Amino acid sequence: MAVGNVVGVAHSLLLRASDLKDDTDHMNVVSICLFVSLLCACIVLGHLLEENKWMNESITALLLGLCTGVVVLISSRGQSSHVLKFDEELFFIYLLPPIIFNAGFSVKKKEFFRNFIAIMFFGVIGVFISFAIVSSGTWYFFSKLGLANLSIRDILAIGVIFSATDSVCTLQVLNQDETPLLYSLVFGEGVVNDATSVVLFRAVQTYNFDNFTPLEGLQIGGSFLYLFFSSTILGIVSGLISAYIIKTMYFGRHSTDREIAIMILMAYLSYILAELFYLSGILSVFFCGIVMSHYTWHNVTENSRTTTKHAFATMSFIAETFIFLYVGMDALDIDKWKMTKSSFKESAGLFGSLMGLILLGRAAFVFPLSALSNYSTKSPGAKISFRQMIIIWWAGLMRGAVSIALAFNQFTMDDDTQSSVEDATLITTTITVVLISTIVFGSLTPPLIAWLHPPQHRSNNSDAALSPKASFDADHFIPLLNDTERDGENGTNDQSGISHFLDRLPRPQSIGMLLTAPRSTIHHVWRKFDDAYMRPTFGGRGFVRMASRRGMELPEEDEELEDEEQN
């Protein structure tokens with residue numbers, strides 16, 4: 001009897017466990033079904049609002065997520081506002097990589113590298129300036145608004161969280177075809193900003209700031225240099241390996257699926273390897289995308305080129321929309337708001353002080369560093385006007401899912417909010433700042449660009465004159481580094497003039513002359529090295545034309561583009 005009773009109890013426990021498992025699986029199916037439906041709704045609404053200058057897909061997804069959260073909250077009678085909780089792993093490991101890779105893959109390389117100095121100014125020096133201002137303001141204001149017990153570590157973490165420009169939001173509100181300079185500066189800043197923010201955030205969590213020494217400050221600087229260069233090299237190497245494999249093995253003879261799979265997997269591998277070695281995955285996969293667009297993409301068949309271009313863009317679009325839906329639904333998590341004991345006046349004060357510090361912190365580096373960047377270049381196309389400075393300042397004020405993920409990492413434990421009222425307050429304040437900044441600054445950025453930087457004031461670039469079909473792939477035929485200063489003056493891009501240009505380059509005699517000297521030396525030396533060593537080894541422009549002799553013919557538009565490039 002005893003044995004029978006034990007077996008009966010065990011059987012009943014197994015049945016209950018299986019019922020719980022079934023319930024969990026069913027909820028997962030419900031969650032997936034809901035989000036797929038919302039993604040479809042976002043696509044439809046985004047299409048209908050395509051001509052609306054006040055709305056974009058990120059704001060549409062955010063508002064739709066908020067509305068869905070309200071419906072779920074009402075239907076559950078105030079018990080829950082979402083069917084999925086914000087998960088850092090889901091965001092950083094699965095959603096962010098395709099977005100950043102596609103941005104690097106499709107970025108206008110000429111604009112990006114021409115403005116690389118300004119991007120480094122904003123993404124490195126700017127973060128430290130903003131970090132110092134936000135942290136100092138937090139220490140001064142928050143003690144007067146009911147958060148007097150914050151540790152130095154928490155204050156510094158807040159400075160990092162609200163100094164990080166969200167590159168995902170930037171992709172939604174800026175168009176690199178219409179405003180390539182603004183896009184390359186703000187988005188490029190966001191990518192470099194990630195490397196700096198990772199170093200600062202890890203330093204905040206690692207170092208003892210009660211007894212902070214100048215030596216530890218130097219260690220933080222060294223950590224940033226190691227992180228930046230290691231992540232960049234990892235991304236470049238991953239892109240070159242994919243180019244070499246596809247060029248030598250020529251998968252397209254038997255199956256285009258293999259070469260597409262290699263491109264996708266190698267790009268994702270660069271991100272995962274960076275995370276594995278505690279580097280910046282965003283920086284790594286971004287440069288991997290740039291290298292793949294310059295070499296790997298030209299080594300595949302024409303069908304694979306079209307497929308990969310659309311596949312990367314589609315995966316990026318879905319991931320972006322999913323993130324904003326996710327943030328919108330999670331913003332109404334009732335558990336976090338119940339733990340917040342701050343009054344409305346204190347909450348409004350926390351929000352207002354943070355927004356003021358974000359505005360001040362960004363203005364403190366955008367305008368001075370833009371002036372410094374203008375001093376360091378003689379290229380008229382790379383100079384930043386005062387109106388463009390205002391747009392760069394405004395467009396970088398949005399805070400998004402990256403800020404929320406860092407806030408959850410700092411102020412929660414074991415996936416649940418800590419019992420500390422201060423921690424819950426900081427999380428809800430972060431969510432409020434993200435929602436308001438994304439909706440307000442995101443919706444007002446396009447009208448601000450149209451007012452301050454109308455089409456008639458924008459420089460006419462060669463891409464604008466291309467046909468729609470040609471412009472789709474145009475930037476893939478532009479050299480990785482393009483000397484617009486010399487090429488514009490001489491009207492030639494051929495290799496025969498390289499030595500002539502090198503001989504005529506001025507030799508700077510002082511630091512001031514070095515800063516203001518044109519970048520022709522770097523551009524021409526690189527292009528000479530690329531033509532002599534890199535492209536023969538890894539393929540790229542020109543390799544496709546050789547492959548066409550084996551049966552892979554270039555379309556007419558691509559041949560015209562390449563002929564234009566050589567002429």
Side-chain angles (χ1 to χ4, degrees), residues 103-126 167 170 174-193 232 236 283 286-287 289-291 293-294 366 369-385 387-389 391-392 395-396 453 457-466 471 474-493 497-498 501-502 505-506 508 514-530 541 564-565:
F105 189 78
S106 59
V107 72
K108 291 184 178 298
K109 299 184 289 291
K110 179 180 67 175
E111 290 291 336
F112 180 80
F113 286 105
R114 184 173 63 179
N115 300 292
F116 191 72
I117 293 179
I119 289 171
M120 292 301 296
F121 282 163
F122 293 155
V124 180
I125 302 175
S167 53
T170 304
L174 293 176
N175 189 313
Q176 72 168 332
D177 293 322
E178 297 177 359
T179 54
L181 174 63
L182 296 175
Y183 180 92
S184 64
L185 286 173
V186 181
F187 176 73
E189 171 204 345
V191 174
V192 179
N193 181 298
T232 302
I236 292 173
L283 202 61
F286 177 76
F287 279 97
I290 291 178
V291 173
S293 71
H294 187 65
V366 166
L369 294 182
S370 296
L372 181 61
S373 174
N374 289 341
Y375 176 74
S376 69
T377 179
K378 286 187 176 180
S379 174
K383 290 187 180 294
I384 308 170
S385 67
R387 292 188 176 190
Q388 290 173 327
M389 294 180 194
I391 297 173
I392 293 170
H453 195 49
H457 289 170
R458 301 170 192 171
S459 59
N460 296 324
N461 51 52
S462 58
D463 294 345
L466 296 172
S471 63
D475 197 63
H476 291 282
F477 289 89
I478 295 176
L480 194 60
L481 292 180
N482 192 25
D483 178 21
T484 53
E485 298 173 17
R486 293 285 181 178
D487 292 347
E489 295 172 4
N490 296 276
T492 179
N493 288 328
I498 292 177
F501 288 135
L502 287 174
L505 288 177
L514 180 64
L515 287 175
T516 57
R519 301 178 178 88
S520 304
T521 304
I522 298 176
H523 294 162
H524 281 299
V525 169
W526 162 255
R527 288 172 61 181
K528 187 175 181 179
F529 176 78
D530 190 31
R541 290 184 311 114
E564 272 185 27
E565 188 63 36

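Values in this document were obtained by computation on a predicted structure and should not be read as measured data. Numbers here simply count residues along the sequence, with the first being 1.
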How about [X] and [Y]: do any of their side-chain heavy atoms sit closer than 4.5 Å?
X	Y	answer
Phe286	Phe187	yes
Met389	Asn374	yes
Ile290	Phe105	no

Looking only at heavy atoms, which two atoms of [X] and [Y] are closest? And how far apart?
X	Y	value
Lys383	Leu181	O-CD2, 3.9 Å
Ala118	Ser373	CB-OG, 3.1 Å
Asn115	Ser184	ND2-OG, 3.5 Å

Could you tell me the separation between the [atom1] atom of [X] and the [atom2] atom of [Y], rounded to the nearest 0.5 Å?
X	Y	atom1	atom2	result
Leu185	Leu369	CG	CG	11.5 Å
His453	Leu182	NE2	CG	5.0 Å
Ile391	Ile384	CD1	CD1	11.5 Å

Exercise. Which word best sums up how the rings of Phe112 and Phe116 line up, parallel for under 30°, tilted for 30 to 60°, or perpendicular for over 60°?
Worked result: perpendicular
Exercise. Who passes ring pair (Phe, Tyr, Trp, His ring centres under 6.0 Å) against Phe287, sequence neighbours left out?
Worked result: none
Exercise. What residues form a ring pair (Phe, Tyr, Trp, His ring centres under 6.0 Å) with Phe122, not counting sequence neighbours?
Worked result: none
Problem set entry | Trace of the side chain to side chain contact (heavy atoms under 4.5 Å, CB included) decision for His294 with Asp530 | CA-CA 11 Å; His294 187 65; Asp530 190 31; 3.0 Å; yes
